[in-house]
Amino acid sequence: MATAHPNLFSFPSTDYLAQQLRGYVLRAQNAALTRHDTFRLAVSGGSLPTVLARALLAPSNGSPEDTPQFAKWHIFFADERAVPLDHEDSNYRLLKDELVSKIPSELGAPTVHAIDANHVNDDDPQELADLYQEELMRSFAAKDSVKLPVFDLILLGCGPDGHTCSLFPGHELLREKDAWVAAETNSPKPPPKRITLTLPVVTHAVSIAFVATGAGKKDILKKIFDQEEGRSIPSALVNQGGGEKVSWFTDHPAVEGISFPRRGSL
Ligand SMILES: O=C1O[C@H](COP(=O)(O)O)[C@@H](O)[C@H](O)[C@H]1O
């Protein structure tokens, strides 16, 4: 378990947050391209894709460092709902509508790794999870040759109950040590059937960022950052496992009243 603390950033507006997030994501991209000429990231659904689109679709300052090289991006999902890809609850659809379909063609197109839509109606989403794990193995090498995949970046949300990916408070999936991708059959937040990256995969990434904005996140962030009782909340477990690799992008209303030290710039 990491002992270093996560970085808590708080910004006066979502526009400024998006600007800072752009710099952070592109730094992760540039470092990844230097390491292996590809940028492998996992993204969440919920409120994240809208902020991410605002960050990445903003005009570049023209420098190579500030230019997304989308053709070299491999985008996976931190979690996905067991629904068809054109369903309104699909995280794939959300990312496509908010970001991918709006990328100007001169910036290239990312490779987006969707779930296998042939299995979204299965009673048990385990096959869907296994197939997505195999999809990861094709990109990151077989599970028996590497213990865990190493994403260059994982972008997370934090629900009002502190869930992240589809890892919910008190759930046995939080203790999963072996699988890379797990099935959730009874999510407390609809839709009930989902798949999710597991905690060891999330905390093994090179960089991990949460985006959490608005006063609706204030109470759960206070628990996660300031209170002992918040230590077992899924998003807090990412903080504990990832330590200083974890950065939180928040706005002022989301962190009002929190004593944990925060910074206003990267
Ligand atoms: O159900 C989900 O919720 C979380 C949090 O969403 P937010 O709207 O509160 O940001 C999200 O990160 C996850 O991907 C999604 O499936």
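When a ligand or atom number is given, it counts from 1 through the structure's own listing order. Computed from heavy atoms alone, side chains included, the values below leave out hydrogens, waters and symmetry copies. Treat the numbers as computed from the prediction; the structure is a model and nothing was measured.
- Contacts classified as ring-ring contact (aromatic ring centres under 6.0 Å, His included) and involving residues 180-210 (residues at least two apart or in different chains) are given here: F210-W248.
- Under the 30°/60° scheme for interplanar angles, the aromatic rings of F76 and Y132 are found to stand perpendicular.
- The residue from V238, T196, V246 that alone fulfils the side-chain contact (heavy atoms from CB on, under 4.5 Å) condition with V202 is V238.
- Checked against side chain to side chain donor-acceptor pair (under 3.5 Å), D122 has the following partners two or more places apart in sequence or in another chain: H119.
- Protein neighbours of ligand 1 below 4.0 Å, counting non-hydrogen atoms: S44, G45, G46, S47, D79, R81, N91, G157, C158, G159, H163, C165, K189, R194, K217.
- Inspection of the S63 and N61 side chains reveals an N or O donor paired with an N or O acceptor under 3.5 Å.
- Applying the side-chain hydrogen bond (donor to acceptor under 3.5 Å, both in side chains) rule to pairs touching residues 163-174 yields D79-S166, D161-H163, S166-R194, H171-E184, sequence neighbours excluded.
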